[in-house]
Structures are given as structure tokens and as C-alpha cells.
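Read through the structure below, which is laid out as C-alpha cells, and then see the notes.
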Amino acid sequence: MQKDYSVFPIPSFAKREAYNFDTTSENYEIYRELNEIAEEIESCRLKNC
């Protein structure tokens, strides 16, 4: 069966839900380490450009 081409879906620009990370808890060390890894990856990426 042919698709209904009279309806055109438009992407939504609504903001997605954000996660609220509790950096004051015992998980702070994990977030800090992940941030350090992300910074190191970014610096390596910039060196290779």
C-alpha cells in the first residue's frame, strides 16, 4: 500500500531531558575520572588534526 504523502513529519526542536548528575555524592570520583578521560581524548584529537 502506498504511504500517505500528505503528512510531512517535522523534527522537533524541543530540548531533550537532561540527566542531573549528583557530583556531591560518592560517585564524584567516577565523574571526575570520566571528565579527565574526555579531556585527554579531546587533546589527542586536536593534536591529530
Side-chain angles (χ1 to χ4, degrees):
M1 185 172 188
Q2 184 176 358
K3 291 183 178 180
D4 182 8
Y5 290 106
S6 64
V7 178
F8 297 101
I10 299 173
S12 173
F13 294 104
K15 291 185 178 180
R16 296 183 180 177
E17 291 183 26
Y19 295 103
N20 292 328
F21 293 109
D22 182 16
T23 57
T24 60
S25 69
E26 62 193 27
N27 295 327
Y28 178 75
E29 288 298 315
I30 295 170
Y31 299 130
R32 187 180 61 76
E33 185 172 352
L34 288 173
N35 192 42
E36 288 176 2
I37 292 169
E39 289 174 356
E40 185 175 348
I41 291 171
E42 180 68 12
S43 67
C44 291
R45 186 186 70 79
L46 292 173
K47 287 179 187 176
N48 290 328
C49 289

If you draw a 6.0 Å radius around CD in Glu42, do more than 12 non-hydrogen atoms from other residues or ligands fall strictly inside?
yes
If you measure from CD1 on Ile37 to CZ on Arg32, what distance do you get to the nearest 0.5 Å?
10.5 Å
Counting only heavy atoms not in Glu33, do more than 12 fall under 6.0 Å of its CD?
no
Using the test side chain to side chain donor-acceptor pair (under 3.5 Å), find all partners of Glu39 that sit at least two apart in sequence or belong to another chain.
Asn35
